[in-house]
Amino acid sequence: LKNPPKPLSHSELHALTWEAATERFLDVAELGPYARTRRLEAGYDNMLYALHNALTGMEFLRVALGAGIRTRDTPAVCTDYQPDIKDLGGF
């Protein structure tokens, strides 16, 4: 540094305290007027998550959409998987 840093102001020092950090955290954690919307979005996300897991768990559907046969479960060692030409899926 060419010059020593200027001292922090009282408000800047306060912003660096645990008390100020806790106040900021509580402000962010408050439920606002959009809490209902967020709950609906969370429900929608959970529904899509369950649908995705159900569909990707069906081997015939995965193969029809292009995934290789027997590739749903990861092998213990990735280099152990050697696909055969007949294992290739897709349209």
Side-chain angles (χ1 to χ4, degrees):
L1 295 173
K2 293 181 181 180
N3 300 319
K6 72 174 194 170
L8 296 174
S9 69
H10 180 68
S11 62
E12 292 171 330
L13 285 172
H14 176 71
L16 297 174
T17 64
W18 280 107
E19 180 184 358
T22 302
E23 290 171 5
R24 289 190 302 272
F25 174 75
L26 292 175
D27 288 343
V28 171
E30 274 186 36
L31 293 178
Y34 302 107
R36 183 173 186 269
T37 304
R38 281 189 246 146
R39 283 196 306 267
L40 289 173
E41 287 177 1
Y44 183 65
D45 287 345
N46 290 336
M47 180 190 66
L48 290 176
Y49 170 78
L51 178 65
H52 175 268
N53 283 342
L55 293 176
T56 58
M58 298 179 196
E59 185 70 14
F60 72 91
L61 183 59
R62 294 180 75 253
V63 171
L65 294 174
I69 296 173
R70 295 185 298 275
T71 59
R72 184 184 66 135
D73 300 318
T74 306
V77 179
C78 290
T79 56
D80 288 348
Y81 178 71
Q82 296 297 322
D84 191 8
I85 190 71
K86 66 182 179 202
D87 289 346
L88 300 177
F91 293 110

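Quick caveat, the model's predicted, so the values are computed rather than measured. Along the sequence shown, residues carry numbers from 1.
In terms of the side-chain contact (heavy atoms from CB on, under 4.5 Å) criterion, residue partners of T17 (sequence neighbours excluded) are, by chain and number, H14, E19, A20. Under the side-chain contact (heavy atoms from CB on, under 4.5 Å) criterion, V28 pairs with no residue at all, not counting sequence neighbours. Take E23 and apply the salt bridge (charged side-chain N to carboxylate O under 4.0 Å, His left out) test, not counting sequence neighbours, and it matches no residue. With sequence neighbours excluded, the residues that form a side-chain contact (heavy atoms from CB on, under 4.5 Å) with S9 are S11, E12. For N53, the side chain to side chain donor-acceptor pair (under 3.5 Å) test picks out Y49, with sequence neighbours left out. Taking the side-chain contact (heavy atoms from CB on, under 4.5 Å) definition, one finds that L13 meets it with L8, sequence neighbours left out.
Tracing side-chain contacts under 4.5 Å through hydrophobic residues (I, L, V, M, F, W, Y), one reaches L51 starting from M58; they form part of the same cluster. Follow the hydrophobic side-chain contacts under 4.5 Å out from F60 and you reach L55 in the same cluster.
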